K.L.:
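Mind having a look at this structure? Questions to follow.
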Amino acid sequence: MYDPKSARAEEFISHDEMRETVEYARRMKDDLAAVDRILEKAREQKGLTHREASVLLACDDGEKTREIFSLAYQIKQEFYGNRIVLFAPLYLSNYCVNGCLYCPYHYGSGMARKKLTQEEIYAETAALQDMGHKRLAIESGEDPVNNPIEYILESLGTIYSVKHKNGAIRRANVNIAATTVENYRKLRDAGIGTYILFQETYDKPGYEHLHPKGPKHNYAYHTEAMDRAMDGGIDDVGLGVLFGLENYAREFAGLLMHAEHLEAVHGVGPHTISVPRVKPAQGVDPDSFEGGISDELFEKIAACIRIAVPYTGMIISTRESQKVRERMLRAGVSQISGASRTSVGGYAEGGGVNDAAPDDDTRQFEVSDTRTLDEVIQWLIDAGYVPSFCTACYREGRTGDRFMALCKSKQILNCCHPNALMTLKEYLVDYASAPTREAGERLIERELDQIPKEKIRELARKNLLDIENGLRDFRL
Ligand code: SAM
């Protein structure tokens, strides 16, 4: 039985409800008056239920689809403005005991195994800081012997300790396998940002088939992980579906049901939703899965997520090409990775993003957007976005419902906007190429005028000058 308040995965992600939602959406999609009523409700910017959002996703009327995209764009502008937050993944270890069929890290895949030492983590972090990154997502395979929680905690300590030149990692999000409340508490105490765990698929039989062995085989344990994380005191959790595996419409409904469950039980929805798509990797052919989706559909899924959960950040990685990322930004994405390496030790080693050392290819999947961080920043600026390295909310304790309250109050122009401009300024002064710096300085001048409160505008101006003169790390 479907019950968003239940603690049991099979009840808050009820398969009957997922199936019925897809059928309901199919029945309703051509009822344009009903679609209009849903769009009317969406314009209130308080979100939609999984059923309502599923109707929008299913609706293939040209005019209504245009309305969906334009509303998604408008909501993104109102809650997140034109700021795009940047981060990079840092792969610690590809030792893994699971059997995920889509991931080359799976046990017995024949892939070269590597686990970074603390010295290597130091070097990776310094290399990331030298690019200009301030925010990381820590990635690791699941292996209780090689990558126990103590290893992750020690690595977090190393990452936060590195202060290379003017660099610092100010927020480390963590993407590791589902674990216990006790371990989540340890991660919280180590000062992680968001705990990210992709569901991969909400379809239980599909999930069990795709994860034939290892601890990840347990659907309920994996699906209930966010509840344990929140019980362990982690305020910000990040959901995600690996699109391309199973039926997208059911996944979309499941994802929103998961968000509704977190809101119903913990009083706060997911901090972020990631939308990865399965990509070619060593021994992995995305076409071998049944759930492949076109770029157009992918973009519409993002727009419908933006409308359904207006306050939730949305993340797109370098799995996608520049072109797809451009479209996803318009559809409502608010965070992107840049200059990512998906191999263990890929940053300090140098070389091209997709280069494979002949005897040590530890890369998880191929990256489509292979540009440098400077190129990504320049591209964002040229497209009218403000690249942001801001980590202020997390560091000021504005996590969970406190972040949501800020977002809902639309005070972001007085808070997030100056913070974004100040972190961009740091990037421009410390790391940017001359053309990027020039474009960025012009952008900052223009964007300062967008700050409504004069006092805050003046404070931002003063801080920008201080950054120019060598001071760092201002935040509101
Ligand atoms: N080991 C952790 C777990 O079990 O959730 C997460 C770390 S894993 C490095 C991060 C994510 O990469 C996975 O959750 C999966 O969605 C994604 N991934 C794995 N193989 C992929 C592929 N071939 N293409 C795109 N994404 C992939």
Side-chain angles (χ1 to χ4, degrees), residues 80-90 123-137 159 162-171 316-318 322 325-326 329 333-341 346-348 350-353 367 369-392 395 416-451 457 460-476:
Y80 283 87
N82 57 350
R83 290 174 308 284
I84 301 296
V85 166
L86 286 134
F87 73 98
L90 171 52
E124 287 288 278
T125 309
L128 283 155
Q129 289 183 6
D130 282 350
M131 282 186 217
H133 278 296
K134 298 282 187 277
R135 196 187 260 257
L136 300 183
I159 290 163
V162 181
K163 300 280 177 295
H164 195 244
K165 299 180 185 161
N166 279 335
I169 296 306
R170 297 173 181 159
R171 177 176 179 134
I316 189 97
S317 75
T318 57
Q322 171 179 343
R325 290 187 351 138
E326 255 156 37
L329 285 173
V333 159
S334 56
Q335 289 190 29
I336 63 171
S337 49
S340 307
R341 307 276 159 124
Y347 296 104
V353 168
V367 158
D369 187 338
T370 56
R371 292 172 296 168
T372 63
L373 187 60
D374 192 72
E375 287 166 337
V376 171
I377 298 292
Q378 172 106 54
W379 158 73
L380 287 173
I381 293 170
D382 290 348
Y385 296 105
V386 174
S388 171
F389 294 89
C390 182
T391 54
R395 294 166 79 219
C416 305
H417 210 58
N419 280 332
L421 297 179
M422 292 187 290
T423 58
L424 174 61
K425 176 76 177 182
E426 288 185 339
Y427 175 82
L428 297 177
V429 174
D430 288 338
Y431 309 104
S433 65
T436 302
R437 178 154 186 190
E438 220 172 276
E441 297 286 3
R442 279 200 303 273
L443 176 87
I444 290 176
E445 243 347 280
R446 268 198 323 270
E447 293 291 331
L448 271 171
D449 293 339
Q450 303 293 322
I451 301 172
R457 208 180 319 131
R461 269 193 200 286
K462 183 185 167 306
N463 291 348
L464 288 166
L465 201 64
D466 285 343
I467 293 169
E468 185 80 47
N469 291 327
L471 296 182
R472 294 288 175 273
D473 201 10
F474 293 95
R475 59 180 183 273
L476 302 173

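Computed from a predicted model, the values in this text were never measured in an experiment.
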K.L.:
Sequence neighbours excluded and cut-off under 3.5 Å, please list the side-chain donor-acceptor pairs for residues 379-391, or say none.
P.N.:
from, atom 1, to, atom 2, distance (Å)
W379, NE1, E326, OE2, 2.6
S388, OG, C390, N, 3.1

K.L.:
So do the side chains of E124 and R341 get within less than 4.5 Å of each other, counting heavy atoms only?
P.N.:
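No, their side chains stay 4.5 Å or more apart.
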
K.L.:
Atom CG in L90, atom CD1 in I159: separation rounded to 0.5 Å?
P.N.:
5.0 Å

K.L.:
Taking only residues two or more places apart in sequence or in another chain, which ones pass salt bridge (Lys or Arg N to Asp or Glu O under 4.0 Å) with R135?
P.N.:
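Counting only residues at least two positions away or on another chain, R135 forms no salt bridge (Lys or Arg N to Asp or Glu O under 4.0 Å).
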
K.L.:
Between D374 (side chain) and S433 (backbone), is there a donor-acceptor pair under 3.5 Å?
P.N.:
yes

K.L.:
Can you name the nearest heavy-atom pair linking Q378 to T436, along with the distance?
P.N.:
OE1-OG1, 3.0 Å

K.L.:
Salt bridge check, E447 against R457: does any charged N sit closer than 4.0 Å to a carboxylate O?
P.N.:
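Salt bridge absent between R457 and E447.
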
K.L.:
Please list all pairs meeting side-chain hydrogen bond (donor to acceptor under 3.5 Å, both in side chains) that have one or both residues in residues 462-474, counting only residues at least two apart or in different chains.
P.N.:
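As it turns out, the side-chain hydrogen bond (donor to acceptor under 3.5 Å, both in side chains) pairs with a partner in residues 462-474, which skip direct neighbours, are R395-D473, K425-E468, D430-R472, R437-E468, K462-D466.
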
K.L.:
If you define the side chain from C-beta out and look only at heavy atoms, does anything of L373 sit under 4.5 Å from Y427?
P.N.:
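Yes - at least one pair of side-chain heavy atoms lies under 4.5 Å apart.
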
K.L.:
Would you say that H417 contacts L421 through its side chain, given a criterion of any heavy-atom pair below 4.5 Å between the two side chains?
P.N.:
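Yes; the side chains approach each other to less than 4.5 Å.
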
K.L.:
Below 4.5 Å, heavy atoms only, C-beta onward: do I444 and L428 meet side chain to side chain?
P.N.:
yes

K.L.:
Taking the side chain from H133 and the backbone from P89, do they hold a donor-acceptor pair closer than 3.5 Å?
P.N.:
no

K.L.:
List the steps and the verdict of side-chain contact (heavy atoms from CB on, under 4.5 Å) for T423 and K134.
P.N.:
CA-CA 9 Å; T423 58; K134 298 282 187 277; over 6 Å; no

K.L.:
Does a donor on one side chain and an acceptor on the other come within less than 3.5 Å for Q450 and N82?
P.N.:
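No donor-acceptor contact under 3.5 Å links the two side chains.
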
K.L.:
Counting only N and O atoms by type, is there a donor-acceptor contact under 3.5 Å from the side chain of S337 to the main-chain atoms of T318?
P.N.:
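Here the side-chain-to-backbone pair exists.
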
K.L.:
Measure the shortest side-chain to side-chain distance between V162 and I169 over non-hydrogen atoms and say whether it is less than 4.5 angstrom.
P.N.:
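No, every pair of side-chain atoms sits at 4.5 Å or beyond.
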
K.L.:
With a 4.5 Å cut-off on side-chain heavy atoms, are H164 and T125 touching?
P.N.:
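Not touching, per the 4.5 Å side-chain cut-off.
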
K.L.:
I'd like to know if the side chain of Y431 and the backbone of Q129 have a donor-acceptor N/O pair within less than 3.5 Å.
P.N.:
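Yes, the answer is positive, given that a donor and an acceptor are paired below the 3.5 Å cut-off.
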
K.L.:
Would L443 and L424 count as a side-chain contact (heavy atoms from CB on, under 4.5 Å) if you check the C-alpha gap in whole Å, the side-chain angles of each, and the deciding distance to 0.1 Å?
P.N.:
CA-CA 10 Å; L443 176 87; L424 174 61; 3.7 Å; yes

K.L.:
So do the side chains of M422 and L476 get within less than 4.5 Å of each other, counting heavy atoms only?
P.N.:
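Touching, per the 4.5 Å side-chain cut-off.
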
K.L.:
Out of curiosity, Y347 OH to D130 CG, how far, rounded to the nearest 0.5 Å?
P.N.:
13.5 Å

K.L.:
Determine the minimum heavy-atom distance between A88 and L128, stating which atoms define it.
P.N.:
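Scanning both residues, the minimum pair turns out to be CB-CD2, 3.7 Å.
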
K.L.:
If we only count heavy atoms from C-beta on, is the Q335 to L86 side-chain gap below 4.5 Å?
P.N.:
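Counting from C-beta outward, Q335 and L86 never come under 4.5 Å.
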
